[in-house]
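Source: prediction; values computed, not measured. So that the names make sense, note that chain A is the first sequence line, chain B the second, and so on, each numbered from 1.
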Amino acid sequence: MEYNYKDIESKWQRNWSERNTYRVSNQSEKPKFYVLDMFPYPSGAGLHVGHPLGYIASDIYSRYKRLKGFNVLHPMGFDSFGLPAEQYAIETGQHPSATTEKNIETFKKQLDKIGFCYDWEREVRTSNSDYYKWTQWIFLQLFNCWFNPVNKKAESINTLILLFETKGGHGAGKHEADQFSAEEWKLYSLAKQQEILMNYRLAFSAYGDVNWCEVLGTVLANDEVVNGVSERGGHPVIKKKMHQWYLRITDYADRLLDGLNTVDFSDSMKEMQRNWIGKSEGCEMIFSLTPATAGTPNPSPKGEGSEKTIKVYTTRPDTIFGVDFLVLAPEHELVNQITTEEQRKNIDDYLTYVKSRSDRERMSEVKQITGCFTGAYAENPFNGKQIPVWIAEYVLAGYGTGAIMAVPCGDQRDFLFAQHFNIPITNIIGEHFNGKEANSTKDATLHHSDFLDGLLMKDAIKVAIEKIEAEGLGKRKVNFKMRDAGFSRQRYWGEPFPIKWEDGVAIALNETQLPLELPHVEKYGPGPEGEGPLANIAEWKNQQLETSTMPGYAGSSWYFLRYMDPHNTTTFCDRKISDYWRQVDVYIGGTEHAVGHLLYSRLWTKVLYDLDLIGFDEPFKMLVNQGMIQGSSRFVYRIKGTQTFVSFGLKNKYEVDELHVDVNMVDGIDLDMEAFKKWKPDFTNADFILEEGKYHCGIEVEKMSKSKFNTVNPDDLVLKYGADTFRMYEMFLGPIEQSKPWDTKGIEGVHRFLRKLWRLFNDDLKGKDWNEEKANDAEFKVLHKTIKKIESDTEQFSFNTAVSAFMVCVNELGDLKCHKKEILEKLLILLTPYAPHISEELWYQLGNKESILDAAYPVFEEKYLVETNKEYPVSINGKVRTNINIDLSAQQPEVEQIVLGNEIVQKWLEGKAPKKIIFVKGKMVNVVI
RNA sequence: GCCCAUGUGGCGGAAUUGGUAGACGCAGCAGACUCAAAAUCUGCCAUUCGCAAGGGUGUGAAGGUUCGAUUCCUUUCGUGGGCACCA
């Protein structure tokens, strides 16, 4: 009887589904455990081999925890709103709801073939109105609350109104502008009151920049902008100010930082989030502008210019005497006012240039130094030095005050700027500055720095801030790099905002009006003036409903809660149920979500917690990052203007175009030329220039994507080798957290392993081959070594080494000719999380009536592994020269005697006495000569 | 540019807290079985010198700490991911 994975897998998948084996109850005597995958975006390309990597890992862990006696929640769903579906719809004329539905069906079918233990009754889809009803509902909670800086938590906006009514503007203690009294507040118009409240709401509306493409008449995602022009059509893209919704995530910056100390994420992940939040301590400082220097007319009439000030933010106030110029962000509101007439043309040209540049380009292309002098000068408040004021794209409006004081001797970007524009550099750090590059040390002693002279820079920071505050020139300030999160998209395929606009005031819909359903239209396109497609729909527009929709991360910020209670129609998730399941114990997904999704869902969780809607304020207790499976692309080289293809090694002799070719037509690097000819009509008559009789393709590792023809479909592999082989092979590829290019080559080895396992139970010819004999010590040793290894590897998500331990175990049992049920039965339980189908089948063959899914996990017993002796490696000066078998209980003197008596050691000693003998018990011996 | 990760045989990778580098698997080579093939089994498999015994070199590169470094430190190069409207 041979291993027939096809029959076995379909048999047990049917059996498990008929018996509802994977249904999870919200009530159980067992302790709970919640294992979650980052749910997929159901793209039209279907599942590729990269998707299941994390899913297999979480499935193994879930099954393992179940064997260990936990009530395990392990759900799956779909993040089904998003840009690609919308784009695809525009291109093909199909409605996104239809394509999304179809894609999800494909995904589910593919997932089921791999044998995951999902409870599909708990499936969620973010684009279903019974789901996004609650996304909208949570948005309303965000809209209707503010962050109280005193209590450091979200509270109802009514508590803020009450403060305004009783104490006026300082009640909230936040916005400097809100210096009104309680009486004034009461006299304000409704619109004015709402305008002020908008500065506090956690979900708020304000003006912000978007990528605007005039020709396409639409707002573009950064992804759709390539080198400053639109990806589709290559049209120019500029920044445009538009009304946008935001989430006030900056108010939670400190709590998001603190929360990192309570969760089990990798250090690098925490570091990335910390850097994103970017907390820095420094001070704001005011520079007053001086009337223009002689020879240039004063741009501001009636001496107004002298009253103008520039507020800069710096983390290094200690360098105040090294300031050689100020730089404003090109978008800074003062730019227009301070520019002198002579400089106006230059400045305008520069602003036009900057408008075409993305933030990314502005930050990354530092070698290309650009900037423009405004003609204005500011005064150093401490020594009266005249400082030119420039604008430059490397200063971003969104960070700090949008203005910096440049210290070329201490900051490399400032240094390059000064060098490029011939601005004289003041050295305040003596020999620490070599004139060739900036030195950002804090350990130098300050020179030419007046009251800071002779101080160490790191000590001077405090002194400088105190002086600045004492003289009223500025104040201590904590800044965050993080900005409030843009929350609206000018798109169709997303959650509509439950918001109406009445005379410029945003009015929240009543909860009873939810869900506010996305209107179904056959065709849609961008609305006027960059509005979303909803603006084209008369019945929508007439109701004055908000025309943008929510971004992709809205639905994914809270989906883990909905899985707990997916069918509830009265609340997003019953409090009793979320109190049972609580945090996600293990969350598995890619690092690409490190700062986006993970921060947003942490924010939403904290707000829901503050409002007492859930009982925990961090969503994910532990995070496991899976690496990305990359595609290994193959290329062919077509001689320009022909259908002749030249092999990789000869391509430099011709002028060629590089074309992606489907990896599935290439064996290693050898192209299947017949398959290639049939691939596309263009290639039917292709000619080839070969090397050594073969056509060699070029190789490059890239993201796995349909357009690069480097995707590998898991279905084909499951069909050819079975789900169990596929699962174990994906795990065997390498550490779960490491990125690696996909390569199908090694899958045979895993399949061979499963057949070898099968043959421990069944002989291909004779049939049943297992027996009920008593196992001996050697067999128990193999088993218990494996139990120990598998258990600890599984706990540590080291699945690749676990697979190899299974192989070692089966090899060793094969060598021992062990076919004993007593041993094999335990091995099957260890294996079932990894290869559930074959394990269940063999378990059944051993005569078990109950499913293996709930068997008791074998208990490791140390006694089988106890050793009395060890082959100690013996090194001479750190190089291993021999091994000596020594009793493990031996102590240093005894060991020294044995080692020095050894022939090989004697030879290396050449009669000399050793200087030192290092003995590490149970490890090694090193003789130092 | 900034942030994070990563670099070990022909290939994927292994190596508790610094303690025998290359487990396990793929590919390859040789052999057994077979009319033959598949399947299976046995052996070899970092590199270099050597008939062998044995020795030299070797974990991206260069330094350092240590009795001992793939592991720790410094510098440097390559690759992958993220950088706020892809999800």
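Nucleotides B:A38 and B:U57, compared at atom P, are 44 Å apart to the nearest Å. Rounded to whole Å, the P atom of B:C72 lies 15 Å from the corresponding atom of B:A14. Going from the C1' atom of B:C26 to that of B:C73 covers 37 Å, rounded to whole Å. With P as the reference atom, B:U20 and B:C29 are 34 Å apart, rounded to whole Å. Comparing the same atom, C1', in B:G18 and in B:G54 gives a spacing of 29 Å after rounding to whole Å. Of the C1' atoms belonging to B:G80 and B:U34, the separation is 49 Å, rounded to the nearest Å. A distance of about 9 Å separates the C1' atoms of B:G22 and B:U59, rounded to the whole Å. Using P as the reference atom, B:G58 and B:C4 are 32 Å apart when rounded to the nearest Å.
A centroid separation of 6.0 Å or more is found between the aromatic rings of A:Tyr559 and A:Tyr131. Aromatic rings of A:Phe204 and A:Trp245 (six-membered ring for Trp) have centroids beyond the 6.0 Å cut-off, not under it. The aromatic ring centres of A:Tyr553 and A:His597 sit 6.0 Å or more apart. Aromatic pair A:His243/A:Tyr207: ring centres closer than 6.0 Å. You'll find the ring centres of A:Tyr132 and A:Phe81 inside the 6.0 Å limit.
Checking B:C2 for Watson-Crick or G-U wobble geometry (two distances, each under 3.5 Å) identifies B:G82 as its partner. The pairing partner recorded for B:C67 is B:G19, the criterion being a Watson-Crick or G-U wobble arrangement whose two distances lie under 3.5 angstrom. Under the Watson-Crick or G-U wobble criterion, with both distances below 3.5 Å, B:G7 is paired with B:C77. In a base pair of the Watson-Crick type (N1 to N3 plus N6-O4 or O6-N4) or a G-U wobble (N1-O2 and O6-N3), with each distance short of 3.5 Å, B:A37 is matched with no nucleotide. Nucleotide B:G28 is matched to B:C44 when pairs are restricted to Watson-Crick or G-U wobble geometry with both distances under 3.5 angstrom.
Among the atoms of the strands shown, none is found under 4.0 Å from any heavy atom of A:Arg274. Note on A:Ser792: nothing from the nucleic acid sits closer than 4.0 angstrom, heavy atoms only. Looking at heavy-atom distances under 4.0 Å, A:Gln244 makes contact with a base. Among the atoms of the strands shown, none is found under 4.0 Å from any heavy atom of A:Trp245. A:Val219 comes within 4.0 angstrom of a nucleotide base, judged by non-hydrogen atoms across all strands. Across all strands, A:Met482 comes closer than 4.0 Å to base atoms (heavy-atom distances). A:Asn625 comes within contact range of no nucleotide atom at all, as no heavy-atom separation falls under 4.0 Å. Across all strands, A:Pro551 comes closer than 4.0 Å to no nucleic acid atom at all (heavy-atom distances). As judged by a 4.0 angstrom heavy-atom cut-off over every strand, A:Glu737 is placed among residues making no nucleic acid contact.
Considering only side-chain N and O atoms, A:Arg489 lies under 4.0 angstrom from the phosphate OP1 or OP2 of B:C85. Between A:Trp493 and B:A87 there is no side-chain N or O to OP1 or OP2 distance below 4.0 Å.
Put simply, CD on A:Gln87 is 16 Å from P on B:C85, counting in whole angstrom units. In this structure, the OH atom of A:Tyr729 is 8 Å from the C1' atom of B:C26, given to the nearest Å. Atom pair A:Met731:CE and B:G25:P shows a separation of 19 Å (rounding to whole Å applied). Atom CZ in A:Arg483 sits roughly 8 Å away from atom P in B:C85 (whole-Å rounding). Nucleotide B:C24 holds its C1' atom 17 Å from the CZ atom of A:Phe799, rounded to whole Å. A:Lys481 has its NZ atom 18 Å from the P atom of B:G82, to the nearest Å. For A:Met704 and B:C86, the CE to C1' distance is 18 Å, given to the nearest whole Å. Remark: P of B:C85 and CG of A:Leu247 are 11 Å apart, rounded to the nearest angstrom.
The residue among A:Met272 and A:His593 whose nearest nucleotide of RNA chain B is located toward the 5' end is A:Met272. Residue whose closest nucleotide on RNA chain B sits further toward the 5' end, between A:Met269 and A:Asp484: A:Met269.
Below the 3.5 angstrom threshold, one finds no donor paired with an acceptor across the side chain of A:Glu592 and the base of B:C86.
Note: A:Phe487 and A:Phe497 have perpendicular aromatic rings, judged against thresholds of 30 and 60 degrees for the angle between ring planes. The aromatic rings of A:Phe797 and A:Phe799 sit perpendicular to each other, their planes meeting at more than 60°, with 30° as the lower class boundary. Taking the six-membered ring for Trp and thresholds of 30 and 60 degrees, A:Phe78 and A:Phe107 have ring planes more than 60 degrees apart, a perpendicular arrangement.
Classification of A:Asp209 and A:Lys240 as a salt-bridged pair fails, no side-chain N sitting under 4.0 Å from a carboxylate O. A salt bridge does not link A:Arg755 with A:Glu2: none of the charged nitrogens is closer than 4.0 Å to a carboxylate oxygen.
Base orientation for B:G9: syn, the chi torsion being within 90° of 0.
The side chain of A:Val595 approaches B:G82 more closely than any other nucleotide in the set B:C24, B:G82, B:A84. With distances taken from any side-chain atom of A:Lys907 to the nucleotides B:C86, B:G54, B:G81, the minimum falls on B:G54. For A:Gln630, counting side-chain heavy atoms from C-beta on, the closest listed nucleotide (B:A5, B:A87, B:G80) is B:G80. When each of B:A87, B:G56, B:C83 is scored by its nearest atom to the side-chain atoms of A:Tyr41, the top-ranked nucleotide is B:A87.
For the residue pair A:Asp484/A:Thr250, the side-chain donor-acceptor check at 3.5 Å is satisfied.
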What is the per-nucleotide protein-contact pattern of nucleotides 9-20 of chain B, from the 5' end, where B denotes a base atom under 4.0 Å from a protein heavy atom, S denotes such proximity for sugar-phosphate atoms only, and - denotes neither? ---BSS--B-BB
Treat primed atoms plus P, OP1 and OP2 as sugar-phosphate and everything else as base, then score nucleotides 37-43 of chain B 5' to 3': B for base contact with protein heavy atoms under 4.0 Å, S for sugar-phosphate contact only, - for none. --SSS--
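Here A:Met482 contributes atom CE and A:Leu257 contributes atom CG; the two are 7.5 Å apart, rounded to the nearest 0.5 Å.
No donor-acceptor pair under 3.5 Å is formed between the side chain of A:Gln244 and the backbone N or O of A:Ser205.
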